[in-house]
Amino acid sequence: MIVATWNVNSLTARWPRVEQWLVERAPDVVLLQETKQSDARFPYDGFASLGYEATHHGQGQWNGVAIASRVGLADVVRGFGDGDVEARVISARCGGVRFYSCYVPNGRALDDPHYQYKLRWLSSLTDRLAQRDVNEPVVVGGDFNVAPRDLDVYDPERFIGCTHVSAPEREALGALTGTGLTDLAAFLEPDDVAYTWWDYRNGSFHRGWGLRIDLLLVTADLRAVATRIYVDRDARKGIKPSDHAPVIGEFATT
DNA sequence: ATGTCACAGTCCCTGTGA
């Protein structure tokens with residue numbers, strides 16, 4: 001089973017790239033973030049013509065998350081429920097595995113209210129995962145807007161006092177993985193520098209100024225059968241790329 | 001340390017978010 005997560009930074013703008021990429025990489029399940037679409041505009045037919053069932057949780061201008069699968073798609077859950085107005089999480093069961101596609105709030109700055117929202121949002125996700133059926137394999141993937149380790153930051157000195165690396169954010173991510181999830185890239189390739197996001201500005205991609213903030217978190221049963229994880233850097237190149245590259249995980253059939 | 005991109009509305013530029 002091939003599983004991918006990709007923040008596409010507008011599925012409307014990115015659809016030609018996404019379509020080509022699906023044909024080339026042929027993931028079984030792909031988790032998408034920042035579709036920036038209403039549900040009405042989501043290209044269900046486009047996915048279907050490529051052999052994918054898809055489900056979307058959108059709000060229009062901002063956010064928006066989706067799951068596309070060619071191994072079945074059932075039991076969809078959108079958002080956290082009461083009072084959750086931003087479309088940042090969707091879950092579904094595909095091929096016997098429960099998938100979550102997550103777009104964690106950015107946080108903006110340590111003294112910005114949005115930062116507290118980010119921590120609360122991660123806590124809500126942790127609560128949700130803590131309540132799961134422990135017999136069900138789970139993949140929690142997406143744009144976490146947190147770089148788990150200094151190795152995941154091109155210049156840790158420069159990020160002192162910034163979001164994405166602060167202790168509370170890393171602790172919140174640790175609480176999430178503490179429910180029984182493993183950061184698969186850090187587990188399989190612990191010494192690899194594997195950035196997933198590069199700012200559009202300053203030629204950051206070509207200068208190697210990146211962060212690893214897009215993650216696949218998996219339960220132990222899936223970790224045991226994981227064979228490979230890599231960043232599809234080619235998707236960050238060329239015409240009209242997203243500022244994020246996909247992360248692709250491969251698993252021996254479960 | 002900000003050289004870009006995408007969105008909506010004020011609609012061919014500007015403010016916002018990343």
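Throughout, a chain's letter reflects where its sequence line sits, starting with A, and its residues are numbered from 1.
- As judged by a 4.0 angstrom heavy-atom cut-off over every strand, A/Arg158 is placed among the base-contacting residues.
- Distance noted for atom C1' between B/dA18 and B/dA1: 16 Å (whole Å).
- The P atoms of B/dT10 and B/dA6 are separated by 22 Å, rounded to the nearest whole Å.
- A/Glu34 and A/Ser10 form no side-chain donor-acceptor contact under 3.5 Å, judged by distance and modelled atom types alone.
- If you walk DNA chain B from 5' to 3' and mark each nucleotide with an atom closer than 4.0 Å to a heavy atom of chain A, the marks span B/dA1 to B/dA18.
- Nearer the 5' end of DNA chain B, as judged by each residue's closest nucleotide, is the contact made by A/Asp199, out of A/Gly60 and A/Asp199.
- Residues of residues 233-248 of chain A having a heavy atom closer than 4.0 Å to DNA chain B, listed by number: A/Lys240.
- Residue pairs meeting the salt bridge (charged side-chain N to carboxylate O under 4.0 Å, His left out) criterion with at least one partner in residues 200-210 of chain A, sequence neighbours excluded, are A/Asp199-A/Arg201.
- With sequence neighbours excluded, no residue forms a ring pair (Phe, Tyr, Trp, His ring centres under 6.0 Å) with A/Tyr230.
- Residue contacts for A/Tyr103: at a heavy-atom cut-off of 4.0 Å it reaches the sugar-phosphate backbone alone, with no base atom in range.
- Heavy atoms of A/Asn202 sit under 4.0 angstrom from at least one base atom.
- Contact annotation for A/Arg207: base contact, defined as any heavy-atom pair under 4.0 Å involving a base atom.
- If A/Leu11 and A/Gly203 are placed on DNA chain B by their nearest nucleotide, the residue sitting closer to the 5' end is A/Gly203.
- The environment of CZ in A/Arg17 is crowded: more than 12 heavy-atom neighbours from other residues, nucleotides or ligands sit within 6.0 Å.
- Donor-acceptor pairing under 3.5 Å is lacking for the side chains of A/Tyr103 and A/Asn145.
- When ring centroids are compared, A/Phe47 and A/Phe42 come within the 6.0 Å threshold.
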ring-ring contact (aromatic ring centres under 6.0 Å, His included) between A/Phe159 and A/Tyr154, intermediate numbers included: CA-CA 9 Å; A/Phe159 276 78; A/Tyr154 69 92; 5.7 Å; yes
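- Under the rule for a salt bridge (charged side-chain N to carboxylate O under 4.0 Å, His left out), A/Asp243 has no partner lying at least two apart in sequence or in another chain.
- Residue pairs satisfying the ring-ring contact (aromatic ring centres under 6.0 Å, His included) criterion with at least one member in residues 176-196 of chain A, sequence neighbours excluded, are absent.
- Only the P atoms considered, B/dG3 is 22 Å distant from B/dC7, to the nearest whole Å.
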